[in-house]
Protein chains: 2
Amino acid sequence: MGAVRNILFIMCDQLRWDYLSCYGHPKLDTPNIDGLAARGVRFDGAYCQSPVCGASRMSFYTGRYVNSHGASWNFVPLRIGEQTIGDHLRPRGIRAALVGKTHMRADFAGMARLGIDLHSDEGVLAAECGFEPFERDDGVHPSSSHDPNPRYNRYLRDHGFEADNPWEDWANSAEGPDGELLSGWYLENSNKPARVPAEHSETAYMTGRAIDFLDDAGDEPFCLHLSYIKPHWPYMAPAPYATMYGPEDTYPAVRSDEEKRDPHPVFGAFIDQRVSRTLSRDEVRDAVLPGYMGMIKQIDDEIGRLLEALEARGRMDDTMIVFTSDHGDYLGDHWMGEKDLFHQPSVRIPLIVHDPSPEADATRGSASDALVEAIDLAPTFVEAIGGYPQPHIFDGRSLTPLLHGETPDGWRSYVISEYDYAFMDPRRALGTKPRDCWLRMVFDGRFKYVDCGDYRPMLFDLKEDPQELRDLGADPACESERARLKDLLFDWAMKPRHRVTVTDGMLETVDVQRNITEAGVLIGYYDRNDLEKAAASWQDRPIFAAFNPVWAKAQKKLRGEDSS
Amino acid sequence: MGAVRNILFIMCDQLRWDYLSCYGHPKLDTPNIDGLAARGVRFDGAYCQSPVCGASRMSFYTGRYVNSHGASWNFVPLRIGEQTIGDHLRPRGIRAALVGKTHMRADFAGMARLGIDLHSDEGVLAAECGFEPFERDDGVHPSSSHDPNPRYNRYLRDHGFEADNPWEDWANSAEGPDGELLSGWYLENSNKPARVPAEHSETAYMTGRAIDFLDDAGDEPFCLHLSYIKPHWPYMAPAPYATMYGPEDTYPAVRSDEEKRDPHPVFGAFIDQRVSRTLSRDEVRDAVLPGYMGMIKQIDDEIGRLLEALEARGRMDDTMIVFTSDHGDYLGDHWMGEKDLFHQPSVRIPLIVHDPSPEADATRGSASDALVEAIDLAPTFVEAIGGYPQPHIFDGRSLTPLLHGETPDGWRSYVISEYDYAFMDPRRALGTKPRDCWLRMVFDGRFKYVDCGDYRPMLFDLKEDPQELRDLGADPACESERARLKDLLFDWAMKPRHRVTVTDGMLETVDVQRNITEAGVLIGYYDRNDLEKAAASWQDRPIFAAFNPVWAKAQKKLRGEDSS
């Protein structure tokens, strides 16, 4: 293996893949992220496991499909016992810490049932997604709920930004001509600068905290998960970022009237939600896009600052650096706001991996078209630091061969993404039962099929219709295509990773039935003659006998060599 | 609800459904079990979730499919966090205890990771499948492995049955004419009486321990899981049971030469195992059947004694009594020994439920053809004692309506059973990877379809071929039937129960999106006008406001009623 000693795992929230210049944005220049791509691999076929924060992140952190970890939406606690990146890295001497957001809800009921002390080391890790919470901040702190006093609020007050809730009043509000607060919750204000100066905004603060962590870690090997809340809503950037871009600096909305004529029932319910109707209005997009792009530009600048700090501490050559996002943002495309469905703006993610190992020199600055998934990162990290990416737990596959320029045998031919809309208004509008709200996408690089439970599937052909404007889910001409894709989904569902407590390696190497027999459990032997024939093959296990005198005695007895 | 205060949950191991007189056995008279059927409901369409001890039992105990709990074979620890019958009943004041076998392996790695003390109350329960281990005895104690000193061995010694391992030398060995030990591990000895007298045999001992528990519980409400190891191998009964029956007293072997001609590869590998080849020999069946039937006859007598003890303690009228088995036994049918595949002798189970409630009077002595599954018992128990059978955790459905003579809407139209042969010799013979060894049965009461992963499926039509001698899995005439059944399996797989930490009831009753909005997270509001229109609907939540003054203040602020 190479020279990876540390991992810097940077995640944005709700960042579309195509809002970075290295992914082709025409106006939004992101030189620092592009620089990372120039030193690493840019993945052009990367997908999240669920287009919603909580479920997607639990897949990133566990390396497992939503179908495996079960935390299917934002408020669903990750059931006790699921292992995350930190759980896999810590036994190998890596300090795994968090700065920013995880959106993880702890399974307090499960912890109580098992008598796990919340304040024990294990309890804190179980409640914090397996990360040491160097700075936990899920980044949404409206005055009426959530943590009333995150550390960032104290920081703002210490710097003179006084308010009941400085997060809301300073970092996520602008100011009107008469000094009145203009809330970042209202989309009309997204093109106005936040009241807080850039250097004290959330993105800068979290970057500073990441640098604090680097100092705190010193020479200790680390995995730092730096998880920015931005460019997630409230869509509000500080000056000068808020006014750097106008709506004319980006892509036109991708949508057609055809999409709204007799839509798929689930799609129809989603585009009828408030947020979708709102983001479908041109003036809303025009207000939101400057804020959204400004936040991304600021993130790029802050990543520049962070990489300088890494370099200054001599950690550039032994740190794997990953840049990604938990999912995208429709931004009015397809008449949708937010994320939640499987069009590319929502489900495709940016993914850049810089591997400092010499083995990765050949791929620096290249792009990979391989179909990769968010769940691939956890096993990649484990393998990068010299561990074995345990295939009985990880649904994902280590990206190491792709990073090293190899063409691995049998790389996956499709990606999966899942969404549980039980928590969403469309469920109420459709009258669907909470158990029947699973949507599952299978995408083979050209065809995208979405199983919708009791509703008909959706189907898009991205070769003929790259903008995904024609749902072929009911087109009689596509029946065989749908059947083929449904079969892929069936095959996927038939091989789940739920047997997490026994390794595949044990099964590959141990002859279970022979072990049972040698332990004295004789199944299917009629008489001593049967056994003696079999016992001949036991002679080559002297080590086992030496360590297990009871066994050796019993074997002798069974073979008639000891009649005691 | 009715009068159920206690639950007596009796399980046998490897008892075929058709080896009881109430299920039609021609010679094996089981009057006590029949008597239970006369006072309850006999289920004629009951199936286990996996035809192997460990996986099947974890489904009984969790109320969840193997696909949900993940403990797919005997040596697979039940992953920490899975809840069992005891976990569901204990919070309702029920003492849940075990006498006998569970075959549960504890997830010690998971417990260590979470800092759970093995000796704490929670640790003991987590390691003992959620039951208080009043008497844990998994019933297989060869001299060379397993617990070297189970309580039963001490009991035997206390009664004068001296040996290094009295379990093996007395309870599971017979004696030859010259006083030599004849091991119960050799099938040729199955028709000889064990050395131990019936009153001190395992079945009698465990029954005695169950009666001890009744005395210990006194007036405390209880759920007692009495779990007999028999008629599981070693196939050996004490006198007089060992010699009560001959091979002529039971069914002829169900098998045909046709089955062995060009068999399905997986079936072919299974019938080629030692145990299958052995049990396919007539002299082996002839030796085994007397022991097997004798053990069942003894169980019936012991159940008679147990029910008398229950009656004597005044518990007959407030105790739900269940009699079942974890799976069946091929006994040479279909050229198979053991269990492991899905023919009726293996996958169908006996199930008798006596509900003492007056509501169940109408069904006493009746038989039900409804398709029921092992996973239905856990929710039945929860409902019987007045709890809510939580559908976000239990894959099973409460049998209460069936017990009360109701015809529930939308009762299931198929049953599922799963088998993971990764641990078995057929995997090695076939060269299959450990991850690719799932077999999944769907049976609709007539057609039985088995998905075999990368191999073709199996298909049986039990109406035209009730003995399941013709595998139609490759028959071109059955293509549409196979497609229909595969679709059922697909539908099943698409609605797993992995979201165990949020109840369906919460989702049915709570308007999640509105709650989010009222908590101050405003998604998709362009301006104050948008919000004010929505805010009108918030006025009817005075209780919420009263209990959450921060929320109330924030709402006022957002609505412009408070400018502070």
Side-chain angles (χ1 to χ4, degrees), chain A residues 67 70 72 76-77 79-81 87 107 110 113-116 120 122 126 140 142-145 185-188 274-275 278 284 337 422-425 434-435 438 440 451 453 490 493-496 498-502 504 507-508 512-513 519-528 550-551 554, chain B residues 67 70 72 76-77 79-81 87 107 110 113-116 120 122 126 140 142-145 185-188 274-275 278 284 337 422-425 434-435 438 440 451 453 490 493-496 498-502 504 507-508 512-513 519-528 550-551 554:
Chain A
N67 188 57
S72 63
V76 181
R79 82 181 157 216
I80 190 71
D87 297 316
D107 179 8
R113 197 169 60 243
L114 294 168
I116 300 169
S120 66
E122 295 89 351
V140 178
S143 293
S144 49
S145 64
W185 290 117
Y186 296 130
L187 300 173
E188 65 173 343
R274 164 187 303 281
V275 67
T278 305
V284 178
F423 297 76
M424 299 291 286
D425 285 344
R435 296 217 46 75
W438 284 104
R440 289 199 177 82
D451 180 78
F490 181 86
M494 288 297 110
K495 294 180 183 176
H498 300 311
R499 187 186 64 209
V500 294
T501 53
V502 171
D504 289 5
L507 290 167
E508 291 276 16
V512 177
Q513 298 300 312
V521 176
L522 306 181
I523 309 172
Y525 293 89
Y526 181 63
D527 55 17
R528 179 166 298 231
V550 176
W551 171 84
Chain B
N67 188 56
S72 62
V76 182
R79 87 182 153 215
I80 190 71
D87 297 316
D107 179 7
R113 197 168 61 244
L114 294 168
I116 299 169
S120 67
E122 295 88 351
V140 178
S143 294
S144 49
S145 64
W185 290 116
Y186 295 130
L187 299 173
E188 66 173 343
R274 165 187 301 281
V275 68
T278 306
V284 178
F423 297 77
M424 299 290 287
D425 285 343
R435 297 217 47 75
W438 284 105
R440 290 200 176 80
D451 180 79
F490 181 86
M494 288 296 112
K495 294 180 183 176
H498 301 309
R499 188 186 63 210
V500 294
T501 54
V502 170
D504 290 5
L507 290 167
E508 290 276 17
V512 177
Q513 297 301 312
V521 176
L522 305 182
I523 309 172
Y525 294 88
Y526 181 63
D527 56 17
R528 179 165 298 233
V550 176
W551 170 85

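Given the structure is predicted, the values throughout are model-derived calculations rather than measurements. Chain A is the first sequence line, chain B the second, and so forth, proteins listed ahead of strands; every chain is numbered from 1.
Using modelled atom types, no side-chain atom of A:R435 and backbone atom of B:D504 make a donor-acceptor pair closer than 3.5 Å. A donor-acceptor contact shorter than 3.5 Å links the side chain of B:Q513 to the backbone of A:F423.
Among B:V275, B:D527, B:I80, B:V500, the residue with the largest count of heavy-atom pairs under 4.5 Å with chain A is B:D527. Ranked by heavy-atom pairs under 4.5 Å with chain B, the list A:M424, A:E508, A:E188 is led by A:E188. Of all the listed residues (A:V76, A:L507, A:D87), the one sharing the greatest number of non-hydrogen pairs under 4.5 Å with chain B is A:L507. The greatest number of non-hydrogen atom pairs below 4.5 Å with chain A, out of B:G70, B:S120, B:G453, B:G81, is found for B:G70. In terms of heavy-atom pairs under 4.5 angstrom with chain B, the leader among A:P496, A:S72, A:G337, A:A493 is A:P496.
Residue contact with chain B, scored on non-hydrogen atoms closer than 4.5 Å, involves the side chain of A:I116 exclusively. The part of B:A126 that comes within reach of chain A is its side chain, from C-beta onward, which places non-hydrogen atoms under 4.5 angstrom from that chain. Both the backbone and the side chain of A:R499 come within contact range of chain B, with heavy atoms under 4.5 Å apart. When heavy atoms are compared at a cutoff of 4.5 Å, A:D107 approaches chain B solely by way of its side chain, counted from C-beta outward.
In this structure, B:W438 CH2 and A:K495 NZ are separated by 12.5 Å, a value rounded to the nearest 0.5 Å. Distance CZ/B:R79 to NE2/A:H498: 7.0 Å, rounded to 0.5 Å.
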